[in-house]
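Shown next, in structure tokens, is the structure this report addresses.
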Amino acid sequence: MIEIRAIVTDIEGTTSSIDFVRDVLFPYARKRLPAFVATHGDTPEVQHWLHEAAREAGLVEASRQDIIELLLKWIDQDRKSTALKALQGMIWKDGYEAGDYRAHVYPEVAARLRDWRADGLRLYVYSSGSVPAQKLFFRHSEAGDLSALFAGYFDTETGPKREAGSYRRIAEAIGEQPRHLLFLSDIAEELDAAQAAGFHTGWLVRAPQVLPDSPRHPVYRDFEAITP
């Protein structure tokens, strides 16, 4: 039997409700993005990500308003843009610190993460949200500060979540062979990529839905059902 030494988990739909991200975080960032760019657009970090967004869109010359409109469109499309995610994370930081919201986690998640950690498993996050946004998410969760449970965080700067190479890079960064790693997600295509890289996988299917007769990955309704 292969020993699992570390668990890498997605966030949306896995540890936490997609509704929180879609109905709370996205609208919060969308409403505040124009004023945020106007106020912070000359700081080096924000300037960098505005330039990266323009580069990603192929815009050779673009006004600040053009970039704002581009980013708002990307929010509406839920585009997996590293530049957009970085800027959203900066805006969400203000909301978390102001107490405007707390990050949702499913009821059993916090206890299960603590159990795994107590059992000696190392825990990591791999999400399309930026690493700073991931840290804020777990630091300001409804279950309290969970950030200390995680040994590291990965975002799309590591690579797209549906490409096997991204998971190979994560395994290398963790310092473990993929066969000792378990990746948890609610997206089958992400799990396919992790599996192709040699990871064990767990498919979180929390909402009732029709599953394939022969699912490609072990299916779990919640974290309680997972026994690494």
Heavy-atom closest contact (Val21 atom, Pro27 atom, distance): O-CD, 4.4 Å
Pairwise salt bridge (charged side-chain N to carboxylate O under 4.0 Å, His left out) hits with a residue in residues 82-99, at least two apart: Asp78-Lys85, Lys93-Glu97
With sequence neighbours excluded, residues passing side chain to side chain contact (heavy atoms under 4.5 Å, CB included) with Ala173: Phe154
Beyond-backbone contact of Val37 with Arg64, side-chain heavy atoms, under 4.5 angstrom: yes
Which atom of Ala110 lies closest to which atom of Ala143, heavy atoms considered: CB-CB, 3.7 Å
Residues which pass side chain to side chain donor-acceptor pair (under 3.5 Å) with Thr156, listed by chain and number, not counting sequence neighbours: Thr82
Set of residues satisfying side chain to side chain contact (heavy atoms under 4.5 Å, CB included) with respect to Asp186, sequence neighbours excluded: Asp10, Thr14, Ile18
Common cluster, Leu121/Leu149, ILVMFWY with side-chain heavy-atom separation under 4.5 Å: yes
Aromatic centroids of Tyr126 and Tyr153 separated by under 6.0 Å: no
Give the table of side-chain donor-acceptor pairs shorter than 3.5 Å for residues 189-196, with sequence neighbours excluded, one pair per line with atom names and distance.
| from | atom 1 | to | atom 2 | distance (Å) |
| --- | --- | --- | --- | --- |
| Glu190 | OE1 | Lys161 | NZ | 3.3 |
| Glu190 | OE1 | Ser185 | OG | 2.7 |
| Asp192 | OD1 | Arg216 | NE | 2.9 |
| Asp192 | OD1 | His217 | NE2 | 2.7 |
| Asp192 | OD2 | Arg216 | NE | 3.4 |
| Asp192 | OD2 | Arg216 | NH2 | 2.9 |
| Gln195 | NE2 | Arg216 | O | 3.3 |
| Gln195 | NE2 | His217 | ND1 | 3.4 |

Common cluster, Ile174/Ile4, ILVMFWY with side-chain heavy-atom separation under 4.5 Å: no
Cationic tip of Arg30 above Tyr28 ring, under 6.0 Å, 45° of axis: no
Check: Ile11 and Val125 side chains under 4.5 Å, non-hydrogen atoms: yes
Interatomic spacing from CD in Gln88 to CH2 in Trp92 - rounded to 0.5 Å: 4.0 Å
Heavy-atom check, side chain of Phe26 versus side chain of Asp76, under 4.5 Å: no
Atom pair NE2/CD of His180 and Glu3 - distance to nearest 0.5 Å: 6.5 Å
Sidechain-backbone polar pair: His200 side chain, Arg179 backbone, donor-acceptor under 3.5 Å: yes
Min side-chain heavy-atom separation Pro160-Glu163 under 4.5 Å: yes
Of all pairs that satisfy ring pair (Phe, Tyr, Trp, His ring centres under 6.0 Å), the ones with a partner from residues 48-70, not counting sequence neighbours: none
Ser147 and Lys135: CA distance, side-chain angles, deciding distance, side-chain contact (heavy atoms from CB on, under 4.5 Å) verdict: CA-CA 6 Å; Ser147 60; Lys135 292 178 177 179; 5.6 Å; no
Side chain to side chain contact (heavy atoms under 4.5 Å, CB included) involving Lys31 - partner list, sequence neighbours excluded: none
Any Leu204 side-chain heavy atom under 4.5 Å of Ile226 side chain: yes
With Gln65 via side chain to side chain donor-acceptor pair (under 3.5 Å) - residues at least two apart: Glu69
Within one Ile-Leu-Val-Met-Phe-Trp-Tyr cluster: Leu123 and Val8, side-chain cutoff 4.5 Å: no
Pairwise distance CG(Leu113) to OG(Ser141) - rounded to 0.5 angstrom: 9.5 Å
Distance in Å, Arg168 CZ paired with Phe199 CZ, rounded so as to fall on 0.5 Å steps: 10.0 Å
Over 12 non-hydrogen atoms of neighbours within 6.0 angstrom of NZ in Lys80: yes
Residue pairs passing the salt bridge (charged side-chain N to carboxylate O under 4.0 Å, His left out) test where at least one lies in residues 44-55, sequence neighbours excluded: Glu52-Arg55
Residues that Asp23 engages under side chain to side chain contact (heavy atoms under 4.5 Å, CB included), provided they are two or more places apart: Asp19
ILVMFWY network linking Leu87 to Leu59, side-chain heavy atoms under 4.5 angstrom: yes
Interatomic spacing from CG in Leu72 to CG in Leu84 - rounded to 0.5 Å: 9.5 Å
Worked verdict on Phe183 versus Thr9 for side-chain contact (heavy atoms from CB on, under 4.5 Å): CA-CA 6 Å; Phe183 176 60; Thr9 184; over 6 Å; no
Verify same cluster id: Ile67, Ile75 (apolar side-chain graph, 4.5 Å): yes
Residue pairs, two or more places apart or on separate chains, that pass side-chain hydrogen bond (donor to acceptor under 3.5 Å, both in side chains) and touch residues 105-124: Glu108-Arg206, Arg122-Tyr124, Arg122-Glu176
Flag side-chain contact, heavy atom, 4.5 Å: Trp203 against Pro215: yes
From NE2 (His104) to OG (Ser17), nearest 0.5 Å: 5.5 Å
Considering all heavy atoms, the nearest Trp74-Ser81 contact: CZ3-OG, 3.4 Å
N/O donor-acceptor pair under 3.5 Å between Thr39 side chain and Phe36 backbone: no
Asp155 side chain reached by Ser128 side chain, heavy atoms, under 4.5 Å: no
Beyond-backbone contact of Leu181 with Tyr167, side-chain heavy atoms, under 4.5 angstrom: no
Residues forming a salt bridge (charged side-chain N to carboxylate O under 4.0 Å, His left out) with Arg169, sequence neighbours excluded: none
Heavy-atom closest contact (Ser130 atom, Gly89 atom, distance): OG-CA, 4.3 Å
Geometric class of the Phe137/Tyr96 ring pair [parallel <30°, tilted 30-60°, perpendicular >60°]: perpendicular
